[in-house]
Asker: 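Pasting a structure here, questions to come.
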Amino acid sequence: MKIAVINGSLSSPSKTYLTTAYVADYIQGQYPDIQVPFIDLKDYNIVFCDARDPEDYEGDTKEVIDIIREADALLVGTPVYRGSIPGSLKNIFDIIPNDSLKGKVVGFIATGGTYHHFLAIEHQLKPLAGYFKAHVVPGNVYAHNEHFHNKQLIDEGIKERLKELSDSLIELSKSINKSASGPEHPLIPRKSLSQS
């Protein structure tokens, strides 16, 4: 099994990095048979989506697409800015093929300065997962400034919830029938006017 963990923050260090790195380390330590590719967006030079066929991307962009396509499940971490996810993370969802997450299980982690934006997972990320016909772990983790100190995740409650999220993602992914993803979407070709 492969579980891709995505750090959707470009800041270094960041709360999102600390939480996603924590779950990646936890999974690798508790489940040595599971591969955990870690996508830290700041380490990749990913082009902006320009409506081309996803098969035509190259370099880092193609590498990230391939990691996501090959993963059996995803844990996605994002900072919340202005009540929404950053463009760098949204761009990942724009470039991947429409069937990349179909039938897969996805878990979400969000971070912010305060509890002000904790519903971003419900309003931003879960609908996005629904578009891709992914199954979402029925629970998520939101961490804010008070859960960190000296650039470290210190809150034991958040750590436990991150472990529970990871365990639930693995159990759900192992037990779910990935073909039970609902009716097919109509074909939505990717084609810009420049390709006409």
Asker: So which heavy atom on D43 is nearest to which on D60, and how close?
Answerer: O-OD2, 4.2 Å

Asker: Say you draw a straight line from CD of E63 to CG of N45; how long is it, rounded to the nearest 0.5 Å?
Answerer: 11.5 Å

Asker: Could you give the side-chain donor-acceptor pairs of residues 153-163 under 3.5 Å, partners two or more places apart or in another chain?
Answerer:
from : atom 1 : to   : atom 2 : distance (Å)
D155 : OD1    : G157 : N      : 3.0
D155 : OD1    : I158 : N      : 2.8
E156 : OE2    : K159 : NZ     : 3.4
K159 : NZ     : L153 : O      : 3.4
E160 : OE2    : K163 : NZ     : 3.4
R161 : NH2    : N140 : O      : 2.7

Asker: Within 45° of the axis and under 6.0 Å from the centre of the six-membered ring of Y17, does NZ or CZ of K42 qualify?
Answerer: yes

Asker: Is it true that atom CD of E122 has more than 12 heavy atoms of other residues, nucleotides or ligands lying nearer than 6.0 Å?
Answerer: yes

Asker: Between the side chain of N91 and the main-chain N/O of I46, is any donor-acceptor distance below 3.5 Å?
Answerer: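 Side chain of N91 to backbone of I46, a donor-acceptor pair under 3.5 Å: no, none is there.
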
Asker: Is there a path from Y81 to Y142 through hydrophobic residues (I, L, V, M, F, W, Y) whose side chains come within less than 4.5 Å of each other?
Answerer: no

Asker: Any idea which heavy atoms bring S88 and L41 closest together, and the distance?
Answerer: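 The pair with the smallest heavy-atom distance is O-CD1, 3.8 Å.
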
Asker: What is the minimum heavy-atom distance between A4 and A71, and which atoms define it?
Answerer: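 Shortest heavy-atom contact: CB-CB, 3.8 Å.
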
Asker: Shortest non-hydrogen contact from G29 to P32?
Answerer: O-CD, 4.3 Å

Asker: Apply the side-chain contact (heavy atoms from CB on, under 4.5 Å) test between I92 and each candidate in I85, I65, V76, V64; give the one that qualifies.
Answerer: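 Among the candidates, only V64 passes.
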
Asker: Taking atom CD1 of I3 and atom CD1 of I170, what is their separation to the nearest 0.5 Å?
Answerer: 4.0 Å

Asker: Where do Q124 and S84 come nearest, in terms of heavy atoms and distance?
Answerer: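 Of all heavy-atom pairs spanning Q124 and S84, the closest is OE1-OG, 2.9 Å.
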
Asker: Quick one: do Y31 and D167 satisfy side chain to side chain donor-acceptor pair (under 3.5 Å)? Show the steps, please.
Answerer: CA-CA 10 Å; Y31 303 91; D167 294 337; 2.7 Å; yes

Asker: How far apart are the C-alpha atoms of S14 and S9, what are their side-chain angles, what is the distance that settles it, and do they pass the side chain to side chain donor-acceptor pair (under 3.5 Å) test?
Answerer: CA-CA 7 Å; S14 73; S9 173; 3.3 Å; yes

Asker: CD of E164 to OH of Y26: how many Å apart, nearest 0.5 Å?
Answerer: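 Here the rounded value is 9.0 Å.
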
Asker: Is N150 reaching over with its side chain to a backbone N or O of Q152, donor-acceptor style, under 3.5 angstrom?
Answerer: no

Asker: Pair I96, Y57 - check side-chain contact (heavy atoms from CB on, under 4.5 Å), show working.
Answerer: CA-CA 10 Å; I96 61 175; Y57 286 107; over 6 Å; no

Asker: Starting at CG of L165, measure out to OG1 of T19 and round the result to the nearest 0.5 Å.
Answerer: 10.0 Å

Asker: As a quick check of understanding, evaluate side chain to side chain donor-acceptor pair (under 3.5 Å) for K133 and N98, giving each step before the final call.
Answerer: CA-CA 9 Å; K133 301 176 72 176; N98 292 335; over 6 Å; no

Asker: Is R52 close to V47 at the side-chain level, that is, under 4.5 Å between some pair of heavy atoms?
Answerer: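 Heavy-atom side-chain distance check passes, below 4.5 Å.
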
Asker: Rounded at 0.5 Å granularity, tell me how far CD1 in I68 sits from CG in L101.
Answerer: 7.0 Å

Asker: How many angstroms lie between atom CZ of F108 and atom CD1 of I6, to the nearest 0.5 angstrom?
Answerer: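 Between atom CZ of F108 and atom CD1 of I6 there are 9.0 Å.
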
Asker: What closest approach, in Å, do I34 and I27 show between heavy atoms, and which atom pair accounts for it?
Answerer: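 Closest pair (atom of I34, atom of I27, distance): CG2-CG2, 4.1 Å.
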
Asker: When you look at NZ of K126, are more than 12 heavy atoms from neighbouring residues, nucleotides or ligands closer to it than 6.0 Å?
Answerer: yes

